[in-house]
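Working notes, beginning with the structure itself.
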Amino acid sequence: MAGTRRLLAVCLPWLPAERLARQSAPKALGALPELLVLIATDRGRQIIRACCPAAAAEGLHPGLVLADARAVLPGVRVAAHDPAGDAACLDWLADGATRWSPMAAAAPPHGLVIDISGCAHLFGGEASLVADVLTRLHRLGFTASHALAATAAAAMALARFGLTRVSDLPLAALSDQEPVQIALRRAGLKRVGEVAKLPRAAVAARFGEALLAALDALTETAPQPLDPRVAVAEIVAQQRFAQPIATTDAVRATLEKLLLRCAVQMGARGVGGRLFALALYRADGHVAHVAVETAEPQRDSAVLLRLFDERIAALNDPLDPGFGYDLVRLAVPVTHSLDETQLGLEGGQLAETQLAELVDRLTARLGRGRIRRLARADTHIPEQASFDLPLAGSAPSQWPTPAPGEPPARPIRLFDPPQPIEVLAEVPDGPPRRFRWRRQVHDVTAHEGPERIAAEWWRRKDGAGLTRDYWRVEAADGRRFWLFRHGLYDREPGPPRWYLHGLFA
């Protein structure tokens with residue numbers, strides 16, 4: 001039910017200006033706050049899109065033309081508005097907000113939403129958690145207001161307007177469209193509570209279903225999904241530190257303990273992990289992420305620790321502890337069943353285990369996309385019948401095997417694109433008797449075919465696809481080739497051409 005949820009919304013009204021201030025050199029102690037506005041060009045005019053608190057106190061606001069603002073405050077400083085930079089900063093803050101709950105998300109343009117249902121007791125209650133959030137944001141240089149509610153829309157609206165009751169919210173909380181607000185005011189309505197008292201059918205008929213949906217979100221009568229920054233994992237272990245740790249040995253020792261705790265949880269569930277995500281929360285708000293994938297389900301802490309060592313050593317951007325990590329969290333978001341196995345006397349299971357460990361180590365050292373396997377594609381076009389994908393996280397494909405004593409239907413090596421050849425045949429539609437490839441003539445002593453492969457139906461419909469007749473041939477020197485004639489005589493446009501597509505072993 002929506003009423004059982006507790007969502008904390010944090011509104012950052014001065015985020016654009018305060019983000020720019022974080023990037024600038026620190027001001028002299030005791031200096032007055034600088035008047036700053038951020039502008040964007042709109043139809044040849046420079047319009048204020050955001051401003052600092054000091055400029056707002058002087059009467060400047062978003063939407064004001066810069067020329068009018070300078071008439072009031074000639075000394076106002078101007079900077080370019082950067083929405084992409086603001087969005088990246090908001091994502092960075094949302095990433096750091098996962099220290100309080102994995103269900104944390106950015107709420108553009110200037111807000112954060114954190115689902116604290118069931119986790120406030122870990123911080124001494126809701127009041128202590130909220131105080132910790134506001135204190136950390138203040139240390140980072142951001143002014144914040146907050147509110148708690150059962151839906152994200154209600155919590156954010158209360159935080160934005162600084163109110164405690166949804167019924168007291170202004171009409172701007174329902175819709176940011178000026179025509180809708182004007183129509184509501186003409187109807188004699190001033191607050192959300194007054195709109196909520198009207199018959200739902202009348203509201204929907206006059207103002208549309210969108211306004212009714214916004215009203216349900218504000219009045220907490222309809223649940224709202226929250227798209228979190230990270231996937232919520234059932235298996236999680238974390239360690240907090242009163243004094244941040246900054247040495248490699250301390251981080252490694254903490255990771256080893258967390259791996260053991262996760263291994264115990266996985267063993268109790270009878271599962272093994274395929275993805276292990278390590279998050280290192282720095283005291284200054286930055287979060288470093290290191291992930292390890294395994295080819296097979298794994299819960300051996302010694303093996304996983306070695307994989308993390310390999311992964312951390314291979315990072316292009318080495319870990320920078322800064323002032324230290326005050327929280328280290330290990331999550332296992334992807335798991336699969338893992339039964340206890342006993343090694344056979346012939347060592348077959350041991351060999352498979354060692355191969356999986358080798359793949360994991362190479363993946364951790366070289367990167368996820370470096371170790372790959374071939375997978376089958378659902379097509380009859382030979383050059384498109386397989387593709388490669390990362391070995392970690394993919395299942396092996398089942399490949400067809402020829403009957404005992406039969407040669408393979410497809411060669412081991414394919415040319416992409418097929419190589420053109422010159423062919424001599426007894427009859428136009430007959431098998432090749434001699435062909436020239438790379439300036440060398442090959443006499444055909446045995447052949448098998450043809451195997452006819454038509455183009456895709458959508459290409460045949462447009463007249464762009466030609467039929468292929470494939471032949472498996474053996475030359476006088478014993479080499480075996482895979483040839484095809486592209487096109488049919490007198491039935492498809494253009495003269496048919498011959499190509500060499502592959503070589504058999």
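- For the pair E18/L12, no side-chain contact is recorded, criterion being any heavy-atom separation below 4.5 Å from C-beta on.
- Other residues, nucleotides and ligands contribute more than 12 heavy atoms inside 6.0 Å of the CZ atom of R77.
- Closest approach of L171 and Q181 over heavy atoms only: CD1-O, 4.1 Å.
- Note that CG of L8 and CE of M103 are 13.5 Å apart. Values are rounded to the nearest 0.5 Å.
- Counted within 6.0 Å of CZ on F323, heavy atoms from surrounding residues, nucleotides or ligands total 12 or fewer; the atom is thus considered open.
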Next on the checklist: Run D300 and R306 through salt bridge (Lys or Arg N to Asp or Glu O under 4.0 Å) and show every step you take.
Outcome noted: CA-CA 10 Å; D300 189 328; R306 186 164 61 248; over 6 Å; no

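- Atom OG1 of T247 is separated from atom OH of Y325 by 10.5 Å, given to the nearest 0.5 angstrom.
- In this structure, L305 CG and F276 CZ are separated by 12.0 Å, a value rounded to the nearest 0.5 Å.
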Next on the checklist: Would L140 and W92 count as a side chain to side chain contact (heavy atoms under 4.5 Å, CB included) here? Give the steps.
Outcome noted: CA-CA 12 Å; L140 295 176; W92 178 73; 4.2 Å; yes

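- A pairwise comparison of heavy atoms in P333 and L275 identifies CD-O, 3.4 Å as the closest pair.
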Item to check | Verdict with supporting geometry, R269 and T335, side chain to side chain contact (heavy atoms under 4.5 Å, CB included) | outcome: CA-CA 10 Å; R269 290 176 167 85; T335 61; over 6 Å; no

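- Two residues are said to be in side-chain contact when any heavy atoms from C-beta on lie closer than 4.5 Å; L137 and L93 meet this criterion.
- In this structure, F241 and V328 have side chains that are in contact, with non-hydrogen atoms separated by less than 4.5 Å.
- Interatomic distance, R261 CZ to L259 CG, rounded to the nearest 0.5 Å: 11.0 Å.
- Residues V290 and F308 approach most closely at O-CE2, 3.8 Å, considering heavy atoms.
- Under the salt bridge (Lys or Arg N to Asp or Glu O under 4.0 Å) criterion, R413 pairs with no residue, sequence neighbours left out.
- Looking only at side-chain heavy atoms (C-beta outward), L338 and R299 come within less than 4.5 Å of each other.
- Within 6.0 Å of the CD atom in E178, the count of heavy atoms belonging to other residues, nucleotides or ligands exceeds 12.
- Nearest heavy atom pair, residue L36 against residue A79, reads CD1-CB, 4.1 Å.
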Next on the checklist: If you apply the rule side chain to side chain contact (heavy atoms under 4.5 Å, CB included), what do you find for I235 with V271, and how did you get there?
Outcome noted: CA-CA 10 Å; I235 299 175; V271 299; 4.1 Å; yes

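- The local environment of CD in E194 is crowded, with over 12 non-hydrogen atoms from other residues, nucleotides or ligands closer than 6.0 Å.
- The CG atom of D284 lies 10.0 Å from the CZ atom of R136; values are rounded to the nearest 0.5 Å.
- Residues R99 and F123 form no side-chain contact, since every pair of their non-hydrogen atoms from C-beta on lies 4.5 Å or further apart.
- Considering all non-hydrogen atoms of both residues, Q265 and A237 come closest at NE2-CB, 4.4 Å.
- The aromatic rings of W482 and H501 sit parallel to each other, their planes meeting at less than 30°, with 60° as the upper class boundary.
- If you run side-chain hydrogen bond (donor to acceptor under 3.5 Å, both in side chains) between Y281 and each of T98, D95, D326, only T98 comes through.
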Next on the checklist: L7 vs M156, test: side chain to side chain contact (heavy atoms under 4.5 Å, CB included). Steps then yes/no.
Outcome noted: CA-CA 9 Å; L7 281 86; M156 184 54 65; over 6 Å; no

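- A 4.5 Å side-chain heavy-atom check between T164 and L158 finds every atom pair outside the cut-off.
- Using a 4.5 Å cut-off on side-chain heavy atoms (C-beta onward), L503 and I412 make no contact.
- For the pair I39/H81, no side-chain contact is recorded, criterion being any heavy-atom separation below 4.5 Å from C-beta on.
- With rounding to the nearest 0.5 angstrom, the OG atom of S101 is 13.5 Å from the CZ atom of R6.
- The backbone N or O of A454 lies less than 3.5 Å from a partner atom in the side chain of H380, making a donor-acceptor pair.
- Of all heavy-atom pairs between D216 and R200, the closest is OD1-NH1, 2.7 Å.
- Around the CG atom of D320, the shell of radius 6.0 Å holds more than 12 heavy atoms that belong to other residues, nucleotides or ligands.
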